[in-house]
Amino acid sequence: MQEIKNNLYNAFENVLSKDLDKTLLVLQNGQKLTRRNVVKQSARIANTLKSLNAEPGDRISIQTEKVTDSIALYLACLRGGFVYHPLNPDYTSSEVSYFFEDADPTIIICDPKNEDTYKTLFGLPKKIPILTLSNRGKGSLISRSKSQSTEYRTHACTADSLVALVYSSGTTGKPKGVMLSHNNLISNAKTLIKTWKLSEADCLIHALPIFHVHGLFVGINCCLLTGGSMIFLPRFDSETVIESIPRATLMMGVPTYYNRLLKSGKLSHSKCKKIRLFISGSAPLRMDTFNDFKQATNHEIVERYGMTETLMNTSNPVDHLRKAGSVGLPLEGIATRIVNQTNEVGELEVKGPNVCLGYWRQDEATKQSLTSDGFFRTGDQARKDGNGYITIVGRKTDLIISGGLNVYPVEVETVINNIEDVLECTVFGTSDDDFGETVTAVVVRKDGSQLNAEKIIALTKQELASYKVPKAVLFVSTLPRNTMGKIQKDIIKQQFIK
Ligand code: MLC
Ligand code: AMP
């Protein structure tokens with residue numbers, strides 16, 4: 001009995017079962033789904049996955065749009081003890097091949113448009129069942145689920161059982177699967193609920209994608225654990241979000257969302273009076289965005305900081321000073337320290353029940369990510385002020401965060417360097433009012449080549465998801481190198497940044 005309670009689904013069930021008629025999701029078309037609708041659908045889906053021989057611990061790889069049944073599918077994985085493995089629907093077949101190969105799923109669930117390709121590429125050799133899911137109950141997952149029972153006995157697991165595999169790119173090598181446990185998710189959601197004073201009365205504007213921890217484990221888990229409701233939007237779109245604001249009490253987003261809401265010119269104090277909190281994370285929130293947003297809405301955005309490997313680490317408080325430019329104070333139960341400081345800036349390390357189990361099938365990388373006393377090395381450079389507020393001042397790596405999505409230059413450089421007529425290139429982030437940072441490539445062409453920026457962009461797009469594709473491509477005759485022969489990215493960057 002004790003063991004059963006360790007499944008995150010049991011924690012949700014305790015809350016949801018109190019009033020199954022309460023609305024859980026309001027969709028973009030106004031349709032409302034009650035808790036009962038979602039709970040029953042999750043049982044049908046869990047039974048379907050089980051009927052295809054999925055066993056607890058097996059990975060279910062999911063690359064679909066954000067659709068009506070997405071939450072029921074997530075809950076189905078929890079109930080079955082299956083490992084939820086979400087993927088960005090924008091990934092190309094070549095990107096996705098790597099993830100399927102590495103995660104080694106028992107079932108793949110994809111958008112109908114990819115079914116034939118994936119069946120040929122991944123289904124046949126390993127006989128992996130490939131199901132489809134699209135909006136409003138379409139696709140083979142839901143058609144198969146219709147005849148299934150609406151009851152499912154939730155899998156009993158330990159607190160440390162693997163619940164989700166979310167990939168995070170590495171600077172070198174390939175992306176690594178971050179192994180998250182039931183306890184990681186439960187403890188982090190409980191801490192956030194306390195910090196942000198979330199309750200059953202809250203209604204969250206959920207416009208974030210659900211293939212990353214922000215939309216999934218901050219947005220959805222907090223809502224399911226409090227018994228609140230969500231305006232569940234397929235994607236962020238300023239118009240729809242602005243229309244939704246008067247009906248909501250909470251919004252979570254990346255800084256680009258707040259930049260775009262401001263740019264719309266349609267915010268006002270009265271429109272936002274029902275909102276309790278606007279929360280931002282996944283990328284630095286600029287001070288001018290914080291200040292302009294306050295002026296436009298009378299709300300100070302609550303900035304928090306986290307990462308896939310650790311879920312959320314810090315947040316500005318709700319009842320005390322929300323410091324512009326700072327990611328706030330360590331969350332309860334999470335220890336933070338700043339090591340190897342120069343001028344008070346050093347690498348931020350964190351320890352607590354939020355830190356992941358490690359990297360999937362990569363023991364060496366797991367070992368390297370932790371110190372001997374169990375702190376996780378975030379790779380973020382930070383400073384702490386006298387009151388304990390933490391400011392992220394940079395990163396150890398040359399990671400680009402564009403609209404809250406991470407791009408590792410080396411991945412883009414590899415694709416561009418493989419283009420015929422490219423001699424060499426370097427890729428870095430440049431500051432952008434909308435995305436915070438965007439991807440820029442500086443390329444050296446082979447002698448006599450007429451290769452242009454459009455062609456490079458088009459060829460890169462065949463290989464990589466569009467958020468990784470450079471928004472600007474510039475040409476030079478040589479790239480400066482240091483005495484070791486390494487391209488001096490900083491010098492080039494300075495030349496191009498105004
Ligand atoms: C889409 N594009 C992007 C992009 N998203 N380009 C750069 N950066 C992005 N983030 C592509 C589109 O495919 C399109 O390509 C072109 O850029 C312009 O698209 P758009 O219409 O402006 O983009 P849009 O669809 O509106 O998406 C932008 C966005 C979205 C910011 C709304 O990317 C988004 O919702 N981001 C949130 C990411 C997130 O959830 N991060 C959390 C990670 S978890 P084309 O070729 O068609 O023109 C984490 C831990 C933590 O970091 O602390 O939370
Ligand atoms: P990911 O690996 O995709 O989860 O991205 C995590 C990274 O996003 C962190 O290591 C930080 O570099 C960055 N990040 C998240 N939240 C913030 C924030 N509020 N301010 C600055 N950087 C952030």
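As the structure lists them, so they are numbered: ligands from 1, and atoms in each ligand from 1. When reading the values below, keep in mind they use all heavy atoms of this one structure, side chains included, and skip hydrogens, waters and symmetry mates. Positions are given from 1, in the same order as the sequence printed here.
- With a 4.0 Å heavy-atom cut-off, ligand 2 is reached by no atom of Ser280.
- Ranking protein heavy atoms by distance to atom 1 (P) of ligand 2, first place goes to Asn406 ND2, 3.2 Å.
- A salt bridge links Glu239 to Lys266: one of the charged nitrogens lies within less than 4.0 Å of a carboxylate oxygen.
- The atoms of ligand 1 that sit less than 4.0 Å from any heavy atom of Lys461 are 45 (P), 46 (O), 47 (O).
- Between Lys471 and ligand 1, at least one N/O pair is under 3.5 Å apart.
- The line from NE2 of His299 to CG of Leu267 is 10.0 Å long, rounded to the nearest 0.5 Å.
- Using a 4.0 Å cut-off between charged side-chain N and carboxylate O, Glu437 and Arg395 make a salt bridge.
- One finds no salt bridge joining Asp432 and Lys471 here, because no Lys/Arg side-chain nitrogen approaches an Asp/Glu carboxylate oxygen to under 4.0 Å.
- In this structure, atom 19 (O) of ligand 1 has its sub-4.0 angstrom surroundings free of protein heavy atoms.
- Only the side chain of Arg260 comes within contact range of ligand 1, with a heavy atom under 4.0 Å; no backbone atom does.
- When each atom of ligand 2 is checked for a heavy atom of Glu303 under 4.0 Å away, the hits are 18 (C), 19 (N), 20 (N).
- For Arg337 and Phe375, the positive end sits near the middle of the six-membered ring, less than 6.0 Å away and at most 45° from its axis.
- Among the atoms of Tyr305, none of the N or O lies under 3.5 angstrom from an N or O of ligand 1.
- Where the criterion is an N or O separation shorter than 3.5 Å, residue side chain and backbone included, Thr378 fails it with respect to ligand 2.
- For a threshold of 3.5 Å applied to N or O pairs, the pair formed by Thr308 and ligand 1 contains no separation below that value.
- Protein heavy atom in closest approach to atom 6 (C) of ligand 2: Met307 CB, 3.4 Å.
- Arg361 and Asp104 are joined by a salt bridge, as a carboxylate oxygen and a charged side-chain nitrogen come within less than 4.0 angstrom of each other.
- Figure legend: Lys489 and Phe428 shown without cation-pi pairing, the cationic atom not lying both under 6.0 angstrom from the six-membered ring centre and within 45 degrees of its axis.
- Close approach to Val327 involves these atoms of ligand 2, each under 4.0 Å from a residue heavy atom: 18 (C), 19 (N), 20 (N).
- Rounding to the nearest 0.5 Å gives a distance of 7.0 Å between OH of Tyr98 and NZ of Lys174.
- Set against the non-hydrogen atoms of Ser168, the atoms of ligand 2 under 4.0 Å away are 2 (O).
- The Ser402 neighbourhood of ligand 1 comprises atoms 7 (C), 8 (N), 9 (C), 10 (N), with distances under 4.0 Å to a heavy atom of that residue.
- Less than 4.0 angstrom separates some heavy atom of Arg395 from each of these atoms of ligand 2: 12 (O).
- Ring planes of Tyr118 and Phe100: perpendicular class, angle over 60° (limits at 30 and 60°).
- The backbone and the side chain of Tyr467 each have at least one atom closer than 4.0 Å to an atom of ligand 1 (non-hydrogen atoms only).
- Here the two rings, on His182 and Tyr9, have centers that are 6.0 Å apart or farther.
- Considering backbone and side-chain N/O atoms, Gly306 comes within less than 3.5 Å of an N/O atom of ligand 1.
- Taking a 4.0 Å cut-off on heavy atoms, Arg304 registers as neighbouring ligand 2.
- The protein heavy atom nearest to atom 12 (O) of ligand 2 is Asp380 OD1, 2.7 Å.
- A salt bridge is defined here as a Lys NZ or Arg NE, NH1 or NH2 lying under 4.0 Å from an Asp or Glu carboxylate O, and Asp433 with Lys263 fails to meet this definition.
- For Leu285, no heavy-atom contact with ligand 2 is shorter than 4.0 Å.
- On a distance-only criterion, Ser282 and ligand 2 share at least one N/O pair closer than 3.5 Å.
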